[in-house]
K.L.:
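Below is the structure I would like to discuss, written out as C-alpha cells.
Below, read A as the first sequence line, B as the second, and so on, with proteins coming before strands; counting in each chain starts at 1.
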Protein chains: 2
Amino acid sequence: MGRLEDICQVAERLFSERGYHATSIRDIARKLHLQGGSLYAHISTKEDLLWEIVRRAAEQFLQAIEAVLRQESDPVARFRGAFRAHVAVIARNLPAATVYFHEWRQLSPQRREAVLQQRDLYEAMWREIVHGGIEQGVFRPVDVAMATRAVLSVANWFYQWYRPEGPRSAESIADELSELLLAGLVKEGQS
Amino acid sequence: MGRLEDICQVAERLFSERGYHATSIRDIARKLHLQGGSLYAHISTKEDLLWEIVRRAAEQFLQAIEAVLRQESDPVARFRGAFRAHVAVIARNLPAATVYFHEWRQLSPQRREAVLQQRDLYEAMWREIVHGGIEQGVFRPVDVAMATRAVLSVANWFYQWYRPEGPRSAESIADELSELLLAGLVKEGQS
DNA sequence: AGGGGACGCGAACAACCGTTCGTTTGCTTT
DNA sequence: AAAGCAAACGAACGGTTGTTCGCGTCCCCT
C-alpha cells in the first residue's frame, strides 16, 4: 500500500503549490514516473484523492485539540496547549494543511458539508476554552464568539506565511503568538 | 464601458464562489445572457480578467491605509483606523476581496510578483504603526514582525467568515476585534 | 513449475477548455 | 437613406481534462 501513500504525498504537494484544479492527474503521475491512467489502479477519482487529504487533515486538528482538552484543565494551559497543537499540525504537514484550508470548497456538496460540520465542532471546542476562562474569572468578559474567531484567525492564517526553512521553530512562533493573544484576553494582574 | 464593468462584477462573484479555474469563460457569459466568444470583444484574456480584479482590490487596501496614515498620528488611533479601513475594504466588496486573497497565485509569475511586492509594502506600513506604538511607549515592546502578522491574520481572515446578511455591521465587528488586539498590545495602565 | 493477481502501459474516449473569426445585428452619425 | 461601427453570434480550432480498458509484465504464493 506504499504506492497510495506516495500518490497522496505528491498530490498534497502539487495541490498546495498550484491548486486542485490547476493540477492534472497526469501532473501527479509524471512526478511518480507513471502514466496518467496508471493512478486509477490505486485511486477511484481525482476528487477522492482531494477528499483523502482534506479528511486526514481535519482529523488531525480534531485529535490534537481533544488530547489537549483531556490533559489540561486550567484555561490558560488549555489555551496555550491548543494553540501550540494547532500550529504544530500545520507545521508538521504544511502541504496537507494548505490543501485543507484552500481547496475544501472544491469537494462535492456532501463532503463540503462534512468538512463544515467538523469545522464547527472544532470551533465549538475553542469557544469552550474561551468560555471556561471567562467563567473562572481568568479572562476578561469578552464576546466568546468574536474572541474565538480572532484566535482562530491567527492560528489558521499561520499556513499562509510559515516556512519550515525559516529561522524560528514552529513551537517558538506558536508560543509568542499565543502569548500575544493571551495578553488581550487575560484580566489585568497576573499571567 | 458599462459592459466591462458587468463582466468584472460577474467574474468576481463566480471566481469567489467556485474558484478561478472552476469557472469557465462560458459560465461568466451565460450569467450575462451572452455567448462565450462574445466576451472577447471586451477582454483579451481570462487571466487579464483575474488580474483586473486582483489589481483593483490591492489598490483599495493600499489607498485605505495611506489615508489613515496621512490623517492620524497617534499610534492607537492609527491602529484602530487602519484595522477598520482594512475590514471595510473587505466588507464593501466581499467577492473581490475573496478573489484577491484566494486566487492571486493563479496569476502569471510576473503579476504574482507584483502582488507580492504590493503586499510587502502594505505589511511594512502596518509594521510602521506597531513600531511607532512601541517607540512612543504606548505598546509593549513585542516583536514587531510577529505582532504585525498576528494583527494581519485577524484582518485578512475576516473575509472567510464575514457575511453581509449577518446581524452585526462590519464596523461594529472591526471595532471589537481591534479592541481585542489592542488589549494585547497596549501597556498595562490606560487604553 | 505454474497460476494468479497486482501493477503499469498507452491508446482511446467524450467532454470541456480558452480563444479565434467571418458574419450578422442594430444603433448612431451624417 | 447611407455609411460606419461596436457588440453579439455561433461555429470552429487545437489542446487538455478525467477516466476507461485491453494488454502485457513481473512477482508472489502454493
K.L.:
Atom CD1 of B:Ile43 and atom C1' of D:dA8: how far apart are they, to the nearest Å?
P.N.:
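Atom-to-atom, B:Ile43 to D:dA8, this comes out as 14 Å.
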K.L.:
What contact category does A:Thr23 fall into here, base, sugar-phosphate, or nothing, at under 4.0 angstrom with non-hydrogen atoms?
P.N.:
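Here A:Thr23 touches the backbone only, sparing every base.
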K.L.:
Would you mind reading off the distance between B:Ile25 atom CD1 and C:dG18 atom P, rounded to a whole angstrom?
P.N.:
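In whole Å, C:dG18 P lies 5 Å from B:Ile25 CD1.
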K.L.:
From the list D:dA8, C:dT19, D:dT17, which nucleotide is the closest neighbour of the side chain of A:Arg26?
P.N.:
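Nearest nucleotide to the side chain: D:dT17.
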K.L.:
Find which nucleotide of DNA chain D each of A:Ser44 and A:Ala22 is nearest to by heavy atoms, and output the residue with the more 5' nucleotide.
P.N.:
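Between the two, 5'-proximity favours A:Ala22.
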K.L.:
Given atom CZ of A:Arg30 and atom P of C:dG10, what is their separation to the nearest angstrom?
P.N.:
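Rounded to the whole Å, the gap is 14 Å.
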K.L.:
How close or far is atom P of D:dA8 from atom CG of B:Leu32, stated in whole angstroms?
P.N.:
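Spelled out: CG on B:Leu32 to P on D:dA8 is 9 Å.
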K.L.:
Would the distance check show the side chain of B:Arg78 and the main-chain N or O of B:Glu72 forming a donor-acceptor pair, the cut-off being under 3.5 Å?
P.N.:
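Confirmed, B:Arg78 side chain pairs with B:Glu72 backbone.
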K.L.:
Please give, in whole Å, the distance from C:dG18 P to B:Asp27 CG?
P.N.:
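The distance from CG of B:Asp27 to P of C:dG18 comes to 8 Å, rounded to the nearest Å.
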K.L.:
Find the distance B:Gln35:CD to D:dA8:C1' and express it as a whole number of Å.
P.N.:
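Interatomic distance, CD of B:Gln35 to C1' of D:dA8: 9 Å.
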K.L.:
Considering only side-chain heavy atoms of B:Tyr40, which listed nucleotide, C:dT20, D:dA8, C:dG8, is closest?
P.N.:
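Per side-chain heavy atoms of B:Tyr40, the pick is C:dT20.
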K.L.:
May I have the distance from A:Asp6 (atom CG) to C:dC7 (atom P), rounded to whole angstrom?
P.N.:
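Checked: the CG to P distance equals 12 Å.
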K.L.:
If we count only N and O atoms by modelled type, under 3.5 Å, do the side chains of B:Ser44 and B:Asp48 hold a donor and an acceptor together?
P.N.:
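Indeed, the side chains of B:Ser44 and B:Asp48 share at least one donor-acceptor pair under 3.5 Å.
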K.L.:
How is B:Leu34 classified with respect to the nucleic acid when contacts are heavy atoms under 4.0 Å: base, sugar-phosphate, or nothing?
P.N.:
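Sugar-phosphate contact only.
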K.L.:
I'd like to know if the side chain of A:Arg168 and the backbone of A:Ser172 have a donor-acceptor N/O pair within less than 3.5 Å.
P.N.:
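Side chain of A:Arg168 to backbone of A:Ser172, a donor-acceptor pair under 3.5 Å: yes, one is there.
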K.L.:
Under 4.0 Å, counting only non-hydrogen atoms across every strand here, what does B:His21 touch: a base, just sugar-phosphate, or nothing?
P.N.:
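If one applies the 4.0 Å heavy-atom cut-off, B:His21 turns out to touch nothing in the nucleic acid.
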K.L.:
Is A:Arg56 salt-bridged to A:Glu59, cutoff N-O under 4.0 Å?
P.N.:
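The answer is no: the pair does not qualify as a salt bridge.
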K.L.:
Does B:Arg3 place a side-chain N or O at less than 4.0 Å from the phosphate oxygens OP1/OP2 of D:dA8?
P.N.:
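The answer is yes; a side-chain N or O of B:Arg3 sits under 4.0 Å from OP1 or OP2.
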K.L.:
So if I take every side-chain heavy atom of A:Lys46 and compare against D:dA8, C:dG18, D:dG18, which nucleotide ends up nearest?
P.N.:
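Between D:dA8, C:dG18, D:dG18, the one nearest the side chain of A:Lys46 would be D:dG18.
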K.L.:
Can A:Lys46 and A:Glu103 be counted as an ion pair, charged N to O under 4.0 angstrom?
P.N.:
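So A:Lys46 does not pair with A:Glu103 through a salt bridge.
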K.L.:
What is the distance, to the nearest angstrom, from the NE2 atom on A:His33 to the P atom on C:dC7?
P.N.:
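A:His33 atom NE2 is separated from C:dC7 atom P by 18 Å.
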K.L.:
Please state whether the phosphate of D:dA6, meaning OP1 or OP2, lies under 4.0 angstrom from any side-chain nitrogen or oxygen of B:His42.
P.N.:
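For D:dA6, OP1/OP2 do not have a side-chain N/O of B:His42 under 4.0 Å.
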K.L.:
Is A:Thr45 near enough to D:dG18 that one of its side-chain N or O atoms lies under 4.0 angstrom from OP1 or OP2?
P.N.:
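For A:Thr45, the contact criterion (side-chain N or O under 4.0 Å from OP1 or OP2 of D:dG18) is not met.
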K.L.:
Hey, does B:Ser24 reach any base, or is it just sugar-phosphate, or nothing, if we go heavy atoms under 4.0 Å?
P.N.:
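If one applies the 4.0 Å heavy-atom cut-off, B:Ser24 turns out to touch the sugar-phosphate alone, with no base involved.
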